[in-house]
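Working notes, beginning with the structure itself.
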Amino acid sequence: MSSAPALLATRSTTVRFGGLVAVKDLDLTVAPGQVFGLIGPNGAGKTTIFNVLTGVYRPTSGDVQFEGQSIVGLPPHAIARRGLARTFQNIRLFGELSVLENVMTACHNQSRSGVLATILRTRRQQAEEREQREFALELLERFGLASQQHAPAKSLSYGNQRRLEIARALATRPKALLLDEPAAGMNPQESLALMRQIRQLREDFKLTVVLVEHNMRVVMGACEQIHVVEQGQTIAVGTPDEIKQDVRVIAAYLGRA
Ligand SMILES: Nc1ncnc2c1ncn2[C@@H]1O[C@H](COP(=O)(O)OP(=O)(O)OP(=O)(O)O)[C@@H](O)[C@H]1O
């Protein structure tokens, strides 16, 4: 395991749903600047772990830490404000709003102006809005969506909706970005392009990226560190090369093939 201080970590984290133990005694450590993959067969607990990291679920026991501080009990918006952004397995865009508006609303959540300033539309607030619009457009440009900025989000192709979700998450200027199956529904070329883009985003935005993804080419190509869970428990942690050769990982995947 990495000796760098963790940006994001779970410590002996357990999540129960009634009698079902979805996550058991999980110790997960994401170092700053890493592209980190969380993988495992269907039902292994990956989405539950994302939900615990982002405050959607409170762990039954154990701790969750961001920048060395416990975030257990904080609501999702408070965790997001600390710099943890995510996308969802099921796309959650404002379908009727334009592509640009979808990104702008995410920028607004980070706005530094107070309510009074918003009502009075002070000069500072106008400048902030201009800055947000420019940043939103820059993000859309990066994801090849600028030409569709005025189209309603629901009119985009499935792959483009996934890209827009990532742009929305980046608009909050996060320190860590959690992506839940970003390559779902993409063809092999698109997945490959996405993989490169994730690494580029990490460089350009000094990000840490945590990825849940079933597409192994994307995971192996994009991630430096991979954490494998099965039935809520860790079965391996290592580099892509180590994970590819791990007998427990091979058995977990072949056993379900
Ligand atoms: N809200 C919930 N209430 C009850 N059980 C749940 C809930 N959420 C998840 N589970 C159960 O917890 C286990 C882990 O589910 P989870 O969705 O986290 O797995 P996953 O690895 O993300 O799966 P997939 O790859 O299919 O998305 C499963 O058995 C699932 O049925």
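Ligands are counted one by one from 1 in listed order, and the atoms in each one are counted from 1 as well.
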Do F50 and Y57 have ring centres separated by under 6.0 Å? no

Tell me yes or no: between the side chains of T105 and R168, is some donor less than 3.5 Å from an acceptor? yes

Return the residue, atom name and 0.1 Å-rounded distance of the protein heavy atom closest to atom 5 (N) of ligand 1. F17 CD1, 3.4 Å

Please report the C-alpha distance between M220 and I243 in whole Å, then the side-chain angles of each, then the deciding distance to 0.1 Å, and finally whether the side chain to side chain contact (heavy atoms under 4.5 Å, CB included) criterion is met. CA-CA 9 Å; M220 296 297 168; I243 293 301; 4.0 Å; yes

Nearest non-hydrogen protein atom to atom 17 (O) of ligand 1, with distance, is T47 CB, 3.8 Å

Would you mind running through ligand 1 and noting each atom that sits below 4.0 Å from a heavy atom of H214? 25 (O)

min-distance protein heavy atom vs atom 27 (O) of ligand 1 -> Q89 NE2, 3.2 Å

Check the pair L8 / T29 against side chain to side chain contact (heavy atoms under 4.5 Å, CB included), numbers first and verdict last. CA-CA 6 Å; L8 186 61; T29 303; over 6 Å; no

Considering only heavy atoms, does L20 approach ligand 1 within less than 4.0 Å through its side chain, its backbone, both, or neither? side chain

Take E190 and M195, measure what side chain to side chain contact (heavy atoms under 4.5 Å, CB included) needs, and give me the verdict at the end. CA-CA 9 Å; E190 288 176 319; M195 185 184 91; over 6 Å; no

Would you check if there is a donor-acceptor pair between the side chains of R86 and T54 at a distance under 3.5 Å? yes

Please determine which of V212, L211, V209 meets the side chain to side chain contact (heavy atoms under 4.5 Å, CB included) test together with P182. L211

Distance under 4.0 Å to a non-hydrogen atom of T48: what atoms of ligand 1 satisfy this? 9 (C), 14 (C), 15 (O), 16 (P), 18 (O)

Any protein heavy atom at under 4.0 Å, with atom 20 (P) of ligand 1 as the reference point? yes

If you measure every N or O of A44 against every N or O of ligand 1, does any of those distances drop under 3.5 Å? yes

Is F50 in contact with ligand 1, taking contact as a heavy-atom separation below 4.0 Å? no

Answer yes if the side chains of N215 and E213 hold a donor-acceptor pair under 3.5 Å, and no otherwise. no

For G43 and ligand 1, answer yes if some heavy atom of the residue is under 4.0 Å from a ligand atom, otherwise no. yes

Between the side chains of D25 and S12, is a donor N or O closer than 3.5 angstrom to an acceptor N or O? no

Shortest protein heavy-atom distance from atom 1 (N) of ligand 1, along with the residue and atom involved: Y57 OH, 3.2 Å

What protein heavy atom sits nearest atom 25 (O) of ligand 1, and how far off is it? K46 NZ, 2.7 Å

Is the closest protein non-hydrogen atom to atom 7 (C) of ligand 1 under 4.0 Å? yes

